[in-house]
Amino acid sequence: MAVKQYPHYLFVYSSGEARQNEDGTWENTTSVLKFHSFCREETNGGGQEVQVAGGIFRRYSSLIQLPKCGDNVGEGTSVIVANNSDGSDIRIKGQVLKFDKGQLHSRIWL
């Protein structure tokens with residue numbers, strides 16, 4: 001049996017832009033869950049911290065490693081990591097604390 005480098009699925013909530021109705025009121029569009037990339041989720045069992053914007057250190061729940069992809073996942077973005085392609089078997093969900101596009105792969109801290 002071959003070991004998969006990225007056995008999990010990363011989904012990102014993307015919300016449409018707010019629209020202005022004919023009467024002038026603003027209407028928010030609903031968030032849509034979109035597949036972003038294959039990934040590997042690793043739980044932070046040691047209680048390590050990551051430095052986020054402003055030099056603040058935050059304890060994270062999981063480190064998500066994914067192939068070096070074109071699209072950044074911004075801090076504060078809501079994501080889901082699932083065991084299957086339809087996103088129904090959820091491993092973890094949360095908000096991105098930090099995104100790093102490295103030389104060989106990208107990383108997300110939740």
Side-chain angles (χ1 to χ4, degrees):
M1 182 172 162
V3 175
K4 286 185 175 182
Q5 184 174 4
Y6 301 110
H8 308 124
Y9 301 82
L10 176 67
F11 295 89
V12 175
Y13 280 103
S14 66
S15 58
E17 296 194 18
R19 296 182 297 176
Q20 193 170 17
N21 291 334
E22 293 173 3
D23 64 359
T25 60
W26 288 93
E27 178 181 286
N28 290 328
T29 56
T30 58
S31 295
V32 177
L33 192 61
K34 291 185 177 181
F35 173 75
H36 183 77
S37 177
F38 292 101
C39 67
R40 180 176 66 249
E41 183 264 339
E42 298 173 355
T43 303
N44 180 15
Q48 297 174 330
E49 296 180 338
V50 63
Q51 186 174 4
V52 296
I56 299 168
F57 285 87
R58 300 273 316 263
R59 184 165 291 131
Y60 61 94
S61 300
S62 287
L63 172 64
I64 314 300
Q65 298 191 40
L66 51 152
K68 187 174 182 178
C69 59
D71 295 335
N72 291 354
V73 182
E75 294 174 5
T77 302
S78 294
V79 299
I80 289 176
V81 176
N83 289 319
N84 54 6
S85 61
D86 67 0
S88 61
D89 186 10
I90 297 173
R91 294 178 61 85
I92 190 167
K93 64 168 82 172
Q95 291 187 328
V96 174
L97 295 174
K98 182 176 182 177
F99 175 85
D100 177 59
K101 187 183 286 191
Q103 184 175 359
L104 302 175
H105 62 272
S106 296
R107 296 178 293 178
I108 294 173
W109 288 265
L110 292 184

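Keep in mind that what you see is a predicted model, and the values were worked out from it rather than measured.
Within 6.0 Å of the NZ atom in Lys93, the count of heavy atoms belonging to other residues, nucleotides or ligands does not exceed 12.
Shortest non-hydrogen contact noted between Arg59 and Gly47 is NE-O, 3.0 Å.
For the atom pair OG (Ser37) and CG (Leu10), the distance works out to 6.5 Å, reported to the nearest 0.5 Å. Atom-to-atom distance recorded for Asp71:CG and Phe99:CZ is 8.5 Å, nearest 0.5 angstrom. To the nearest 0.5 Å, atoms CG (Leu97) and CD1 (Ile56) are separated by 11.0 Å. Between His8 atom NE2 and Ser62 atom OG the span is 10.0 Å, to the nearest 0.5 Å.
With sequence neighbours left out, Glu75 forms a side chain to side chain contact (heavy atoms under 4.5 Å, CB included) with Ala53. Legend: residues meeting side chain to side chain contact (heavy atoms under 4.5 Å, CB included) with Leu104, ordered by chain and number and at least two apart, are absent. For Arg107, the side chain to side chain contact (heavy atoms under 4.5 Å, CB included) partners are Leu63, Gln65, Asp100, His105, Trp109, not counting sequence neighbours.
Cluster membership for Ile64 and Tyr13, using ILVMFWY side-chain heavy atoms within less than 4.5 angstrom, is not shared. Val12 and Leu66 fall within the same hydrophobic cluster, defined by Ile, Leu, Val, Met, Phe, Trp and Tyr side-chain heavy atoms under 4.5 Å apart, directly or through other members. Residues Phe38 and Val73 do not share a hydrophobic cluster, defined by chaining ILVMFWY side chains whose heavy atoms lie under 4.5 Å apart. Both Tyr6 and Ile90 belong to a single network of hydrophobic side chains, linked directly or stepwise wherever heavy atoms of I, L, V, M, F, W or Y lie under 4.5 Å apart.
Note on residues 43-55: pairs passing side chain to side chain donor-acceptor pair (under 3.5 Å), not counting sequence neighbours, are Glu41-Thr43, Gln48-Tyr60.
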Name each donor-acceptor pair under 3.5 Å that joins a side chain in residues 78-88 to protein atoms two or more places apart or in another chain, with its distance.
{"from": "Asn83", "atom 1": "OD1", "to": "Arg91", "atom 2": "NH1", "distance (Å)": "3.1"}
{"from": "Asn83", "atom 1": "ND2", "to": "Asp89", "atom 2": "OD2", "distance (Å)": "3.1"}
{"from": "Asn84", "atom 1": "OD1", "to": "Gly87", "atom 2": "N", "distance (Å)": "3.3"}
{"from": "Asn84", "atom 1": "OD1", "to": "Ser88", "atom 2": "N", "distance (Å)": "3.2"}
{"from": "Asn84", "atom 1": "OD1", "to": "Asp89", "atom 2": "N", "distance (Å)": "3.2"}
{"from": "Asn84", "atom 1": "ND2", "to": "Asp86", "atom 2": "OD1", "distance (Å)": "3.0"}
{"from": "Asn84", "atom 1": "ND2", "to": "Ser88", "atom 2": "OG", "distance (Å)": "2.9"}
{"from": "Asp86", "atom 1": "OD1", "to": "Ser88", "atom 2": "N", "distance (Å)": "3.1"}
{"from": "Asp86", "atom 1": "OD1", "to": "Ser88", "atom 2": "OG", "distance (Å)": "2.8"}

Exercise. Verify side-chain contact (heavy atoms from CB on, under 4.5 Å) between Thr77 and Ile108, making sure each step is shown before the conclusion.
Key: CA-CA 11 Å; Thr77 302; Ile108 294 173; over 6 Å; no
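Hydrophobic cluster membership of Val3, counting Ile, Leu, Val, Met, Phe, Trp and Tyr whose side-chain heavy atoms lie under 4.5 Å apart directly or via other members: none, as it forms a cluster of its own.
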